[in-house]
There are 2 protein chains.
Amino acid sequence: MELSDFLLSLTPFDSHELKDITSHFEQEFIPKNTLLIEQGQVCKKLYYIKKGMVRSYYLKEDGKEITQWFFSVGKFMSSVDSFFQQRPSLYYLETLEDSVVYSISKEKMDLLFSKYHKMEQLGRLASIEMLTKVVNKLNAIQFQSARERYEYMLAEFPDISHRVPLGYIASYLGMTSETLSRIRRG
Amino acid sequence: MELSDFLLSLTPFDSHELKDITSHFEQEFIPKNTLLIEQGQVCKKLYYIKKGMVRSYYLKEDGKEITQWFFSVGKFMSSVDSFFQQRPSLYYLETLEDSVVYSISKEKMDLLFSKYHKMEQLGRLASIEMLTKVVNKLNAIQFQSARERYEYMLAEFPDISHRVPLGYIASYLGMTSETLSRIRRG
DNA sequence: ATACTTTTTTGATTTAGGTCAAAGGAAACC
DNA sequence: GGTTTCCTTTGACCTAAATCAAAAAAGTAT
């Protein structure tokens with residue numbers, strides 16, 4: 001989906017506004033397995049994914065990577081609290097496929113927020129949407145068996161489940177690779 | 001904390017704006033153990049808690065109550081997606097103590113959102129703050145032992161842990177009452 | 001193609017925390 | 001104040017999923 005269509009799906013901008021807003025984004029082509037942000041860095045950009053797939057993850061004390069979220073086409077993506085509060089990121093962001101994104105800096109985003117009342121609204125709506133999804137995952141993780149969590153995953157990210165390494169999905173779901181492998185076996 | 005101080009802590013309203021905004025809220029006194037919303041109802045109000053404590057919970061298929069969140073003084077509270085999207089609530093909201101709240105309807109809230117650009121900003125900031133907290137909990141729940149989760153709880157809600165029944169906390173943390181009791185023993 | 005690395009699968013074993021059951025304590029109600 | 005109901009603690013036992021280890025499979029690079 002194009003950025004402008006995505007924006008329109010949340011808030012009714014007119015065509016001039018839309019043009020101005022999208023002009024603040026830059027298109028970037030990012031190869032597979034590239035880190036967009038590293039843990040500890042302040043996240044400078046917010047991204048819209050036009051094509052491809054990205055995951056966020058963090059490192060446990062023992063060095064294991066824990067996938068925190070998957071972002072696919074047609075979504076905003078960032079290390080959200082790092083970007084908005086300009087604090088060190090708790091997460092890495094990594095492309096899982098060759099990707100095309102539109103990016104915008106914090107400064108430009110703030111400029112749009114203050115220029116357009118409707119842009120603030122969009123920010124609020126997108127945040128609430130994300131909040132709902134995270135709450136959803138939380139409910140799945142908190143009280144479901146490993147098999148049920150995997151089913152939640154299939155429902156929430158149907159496209160992803162066979163495009164990324166099993167280990168990434170396992171850690172996203174809070175289980176080991178061995179367990180997920182056994183679940184898939186049937 | 002008074003509502004106006006809370007609003008000011010997120011966004012710099014001037015005193016006229018503040019007066020207008022707070023005038024759209026109604027003060028309500030709500031006794032302990034009152035349901036503010038039931039599962040399946042559309043949530044009509046957003047609340048600011050001036051005094052007291054509230055929890056949200058849902059019922060599992062087997063009828064068990066699962067605490068989903070605790071809200072204490074100085075926070076906005078609602079069945080967020082039900083309120084903003086006007087969909088049936090997945091949760092119950094229940095006061096845990098005699099409480100004093102300020103409430104506002106969806107219509108009035110929308111009115112404020114469209115009247116004040118800064119109000120949208122406040123909505124966005126409050127949403128992101130909530131999002132950060134939920135992500136936090138998710139991380140705690142997903143990969144920590146029962147004991148560590150309890151420690152997360154003590155850090156996140158220091159005031160709550162000895163004011164509410166143990167069972168509510170246990171389900172909030174994704175463990176049984178028996179387990180939490182054993183953890184507390186030491 | 002061949003060698004090397006990484007990921008996935010499979011099996012054996014362990015363990016944290018769940019379940020079941022029953023006894024103490026606290027709080028609510030008459 | 002005494003009953004009744006609910007909440008918490010404790011113990012015995014069980015189970016889902018983790019850990020450990022090693023083989024098989026899939027990718028990547030030379």
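Chain A is the first sequence line, chain B the second, and so forth, proteins listed ahead of strands; every chain is numbered from 1. When reading the values below, keep in mind they use all heavy atoms of this one structure, side chains included, and skip hydrogens, waters and symmetry mates.
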When you check the phosphate oxygens OP1 and OP2 of C:dG17, does a side-chain N or O of B:T179 lie under 4.0 Å from one of them? no
base_contact_polar (D:dT19 base, A:R182 side chain, donor-acceptor, <3.5 Å): yes
Protein-nucleotide distance (B:Y150, atom OH; C:dG17, atom P), rounded to Å: 15 Å
How close or far is atom C1' of D:dC7 from atom NE2 of B:H162, stated in whole angstroms? 15 Å
What is the distance from CD of B:E178 to C1' of D:dC7, rounded to the nearest Å? 11 Å
Whole-Å gap separating C1' (C:dT7) and CG (A:L96): 15 Å
Taking the ring of A:F25 and the ring of A:Y48, is the distance between their centroids below 6.0 Å? no
Can you figure out which of D:dT28, C:dA28, C:dG18 approaches the side chain of B:K32 most closely? C:dA28
Rounded to the Å, how far apart are A:Q144 CD and D:dA17 P? 11 Å
From C:dG17, C:dG18, C:dT8, nucleotide with atom closest to A:L166 side chain: C:dT8
I need the CD-P distance between A:E148 and D:dA17, as an integer number of Å. 9 Å
Is the shortest distance from a Lys or Arg side-chain nitrogen in A:K118 or A:E17 to a carboxylate oxygen in the other one below 4.0 Å? yes
By nearest atom, which of the nucleotides D:dG11, C:dT10, D:dA17 is closest to the A:R149 side chain? D:dA17
Check the pair A:Q144 / A:Y150 against side chain to side chain donor-acceptor pair (under 3.5 Å), numbers first and verdict last. CA-CA 9 Å; A:Q144 302 196 330; A:Y150 182 58; over 6 Å; no
Short side-chain N/O contact to D:dA18 OP1/OP2 from A:T176, under 4.0 Å: yes
Counting only side-chain nitrogens and oxygens, does A:S181 get under 4.0 Å of the OP1 or OP2 atom of C:dT8? no
Nucleotide D:dA18, atom C1' - distance to CD of B:Q142 in whole Å: 15 Å
Using the benzene-type ring in the case of Trp, are the ring centres of A:F76 and A:F6 under 6.0 Å apart? yes
For atom CZ of B:R185 and atom C1' of C:dG25, their distance in whole Å: 16 Å
Distance from A:E28 atom CD to A:Y47 atom OH, nearest 0.5 Å? 5.5 Å
